[in-house]
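Order of listing sets the numbers, starting from 1, for every ligand and every atom in it. In what follows, every heavy atom counts, from backbone to side chain, and hydrogens, waters and symmetry copies are set aside.
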Amino acid sequence: MRKRIILFCTVLTFAALAISGAIALFAVEQRYLKEARSFLIGSMEAVMSSGDSAVSFDTIAREKAGALKNGVRITFIDLDGVVLGDSEADYRTMPDHAGRAEVAEALRTGFGEEIRHSDTVGVDLLYVAKKYGDVIARFAMPLKNEQIFAADILPSIIIASILSLIAAVIAVNLLMKRILKPFYELQKVLSEVLGGKRTKIPESEYAELSPVVEGLNEMTGRIDTYVKSIRQQTEKIDNIIRYMQEGMILLDEDLHVLLSNEAAHELFGLESDLNGKNFLHLVRNKEVISSLHAAVREQKPIVLDLKKKLSEMRYLRIFISPVQKSAGAIMLVSDITELKRAENVRREFTANVSHELKTPLTTIKGFAELMSEGMVKDERSINKYAMLIRFEVERLINLINDILRIAELEETSIPVNLEEVDLKEVAEDVRSLLTEEASKRGIRIKLQGESVKISAFRDSIKQLILNLVDNAIKYNRDKGTVDITVGRKGGKAFIAVEDTGIGIPKEHQQRIFERFYRVDKARSKKTGGTGLGLSIVKHIAGLYKGEIKLTSEIEEGTKFTILFPIAH
Ligand code: ADP
């Protein structure tokens with residue numbers, strides 16, 4: 001801007017100088033003309049007043065013109081236009097002069113003048129003619145031409161121009177500095193505002209800039225608000241996408257990745273920077289690729305289940321939806337491995353339950369048939385078979401009770417309104433419940449330790465301890481012992497049930513918590529076991545953030561320890 005203003009001022013100065021030069025030239029010319037005219041008229045008056053009638057007009061013309069110099073030419077003409085004498089040419093050969101403009105004018109009005117170009121001399125000549133009685137005196141002199149004038153005054157104009165130009169540039173520079181100073185100041189604070197060093201542009205000391213400052217402050221304020229809200233929105237969306245459990249991949253029309261989250265990278269086993277990469281090259285799975293093409297082509301969503309081998313086998317469910325506007329697609333991927341596993345467990349459980357129910361029922365049916373067909377006659381045998389039927393029925397009832405308990409436990413995933421349960425009190429209950437049963441085989445149940453409370457449902461904790469102590473009796477040797485210990489350990493409450501029984505082989509220790517898993521099926525059945533006791537223990541412990549520990553030695557005994565958070 002500064003350069004343009006200086007250039008503009010220079011051009012302006014030049015134009016002004018050119019115009020004033022032209023005006024000066026014109027004025028000088030006019031003045032010169034006036035002077036030339038009055039010189040001619042003055043000389044004419046002087047010549048005519050000192051007239052000598054004895055001398056011829058031609059002689060006067062020649063003598064006076066010679067005295068006047070300046071190239072003055074004097075001609076005398078009579079009223080008919082006949083030349084009477086001339087200072088330069090032979091008047092006798094000169095043509096009639098009545099038609100010359102200045103002469104004609106003098107004939108009419110007494111005085112006439114004209115400027116005419118003379119081809120002979122190559123300059124303009126000023127002619128002045130005046131009537132004196134019956135003679136017309138005509139004086140002429142050459143005029144300086146314009147170039148001469150221009151040459152006269154050009155040096156002064158050039159000097160004036162240079163001086164004016166220098167003065168103009170200095171003046172404009174100073175002025176520009178003064179005018180632009182507030183703008184530079186504004187520019188500086190504006191860049192500070194943009195750089196985040198300031199939040200607002202301070203009030204300007206120049207009143208003219210106040211509206212600009214106000215406008216800028218208003219604008220930066222608004223932009224700030226917009227940017228903040230846009231940033232918040234993007235952060236929200238970013239967080240949703242980043243932390244969602246499902247994998248998300250957004251593809252453009254050429255199936256290049258526009259956006260993807262960490263979950264998607266993990267589920268597909270891909271690197272983390274996918275932006276701009278062709279999805280078809282990343283996931284070389286026929287099913288996924290053809291489903292993607294189909295979803296985009298037919299513009300309808302597609303759901304696809306996929307088995308993928310990562311560190312272990314995973315099951316993925318992929319929802320592919322076409323994105324209408326950009327003609328790409330969005331993919332949501334969820335890990336359904338747990339779902340599949342749960343489905344399998346349920347399927348297995350149903351099959352196991354059917355099998356477990358069928359066995360006692362078949363036995364009962366067999367005995368009942370024997371009895372109804374009269375094959376068992378004596379009272380002793382009838383009693384024996386009736387006892388066997390009763391045993392199987394009891395097993396059935398136990399089984400159904402355990403199945404119902406498991407179903408019930410599965411429903412209550414997050415327990416609320418818990419009570420404070422004293423582990424020692426509950427253990428004491430269990431001990432008195434099972435003492436008689438244990439004493440039949442000479443087994444002693446001992447309880448020791450201190451009272452400690454946990455947050456739980458009393459009934460479920462009782463069930464847990466009952467199952468553990470029941471097993472400790474069932475899998476004990478005759479005259480063995482069961483030691484129940486309750487107390488605190490490492491900031492936790494614990495209950496340990498230790499027996500002197502048959503022990504659990506190492507390779508079975510992991511699996512005994514599975515449903516219907518038994519180390520020795522025959523022994524379990526003989527003792528009325530359902531194979532569900534420990535899976536109920538595991539489930540109940542899990543409900544209250546309990547941790548199960550197991551140590552066991554074959555033919556020496558087994559110790560189950562369950563640690564719970566203490567109730568506060
Ligand atoms: P069951 O009804 O067969 O006892 P559980 O789920 O309670 O079913 O136990 C699963 C299996 O774990 C049992 O069949 C048994 O083989 C083994 N087991 C459980 N507790 C003990 C123990 N205290 N000593 C030895 N083996 C045990």
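- Distances below 4.0 Å separate heavy atoms of Tyr517 from the following atoms of ligand 1: 10 (C), 11 (C).
- Proximity of Asn476 to ligand 1, defined as any heavy-atom pair under 4.0 Å, is not found for any part of the residue.
- If you number the atoms of ligand 1 from 1 as listed, the ones under 4.0 Å from a heavy atom of Lys474 come out as 1 (P), 2 (O), 4 (O).
- The local environment of CD in Gln510 is sparse, with at most 12 non-hydrogen atoms from other residues, nucleotides or ligands closer than 6.0 Å.
- Listed by number with element, the atoms of ligand 1 under 4.0 Å from a non-hydrogen atom of Gly529 are 2 (O).
- Remark: the backbone N or O of Gly221 is paired with a side-chain donor or acceptor of Thr225 at under 3.5 angstrom.
- The shortest N/O to N/O separation between Tyr475 and ligand 1 falls below 3.5 Å.
- For Ser552 (side chain) and Ile504 (main-chain N/O), a donor-acceptor pair under 3.5 Å exists by modelled atom type.
- By the 3.5 Å distance cut-off applied to N or O atoms, Leu534 is counted among the residues near ligand 1.
- Of the protein's non-hydrogen atoms, Ser524 OG, 2.6 Å is the one closest to atom 3 (O) of ligand 1.
- The protein heavy atom nearest to atom 7 (O) of ligand 1 is Asn471 ND2, 2.8 Å.
- Taking the six-membered ring where the residue is Trp, Phe268 and Phe279 present perpendicular rings, their angle passing 60° and hence far from 30°.
- Checked by distance only, ligand 1 and Val519 come closer than 3.5 Å through their nitrogen or oxygen atoms.
- At a heavy-atom distance under 4.0 Å, no atom of Arg523 approaches ligand 1.
- In summary, the side chains of Asn344 and Arg347 do present a donor paired with an acceptor at a separation below 3.5 Å, with no hydrogens or angles considered.
- Between Thr530 and ligand 1, an N or O atom pair is found at a separation short of 3.5 Å.
- Ligand 1 has Ile504 within reach: a non-hydrogen atom of the residue lies less than 4.0 Å from it.
- For Asn467 and Gln463, the side-chain atoms include at least one donor-acceptor pair closer than 3.5 Å.
- Between Ser260 atom OG and His265 atom NE2 the span is 3.0 Å, to the nearest 0.5 Å.
- Heavy atoms of Gly531 approach ligand 1 to within less than 4.0 angstrom.
- For ligand 1, the atoms closer than 4.0 angstrom to any heavy atom of Gly533 are 5 (P), 6 (O), 7 (O).
- Nearest protein neighbour of atom 23 (N) of ligand 1, counting heavy atoms only, is Asp499 OD2, 2.8 Å.
- In this structure Asn398 satisfies the side-chain hydrogen bond (donor to acceptor under 3.5 Å, both in side chains) test with no other residue, sequence neighbours excluded.
- If you look at Phe513 next to ligand 1, there are no close heavy atoms at all, none under 4.0 Å.
- The nearest heavy-atom contact from the protein to atom 12 (O) of ligand 1 is Ile512 CG2, 3.4 Å.
- Summarising the geometry of Leu267 relative to Asp335, their closest heavy-atom pair is CD2-CB, 3.8 Å, with the distance given to 0.1 Å.
- Ring pair Phe457/Tyr544 is perpendicular by interplanar angle, where above 60° counts as perpendicular and below 30° as parallel.
- Of the candidates Lys462, Lys424, Arg458, Asp429 forms a side chain to side chain donor-acceptor pair (under 3.5 Å) with just one, namely Arg458.
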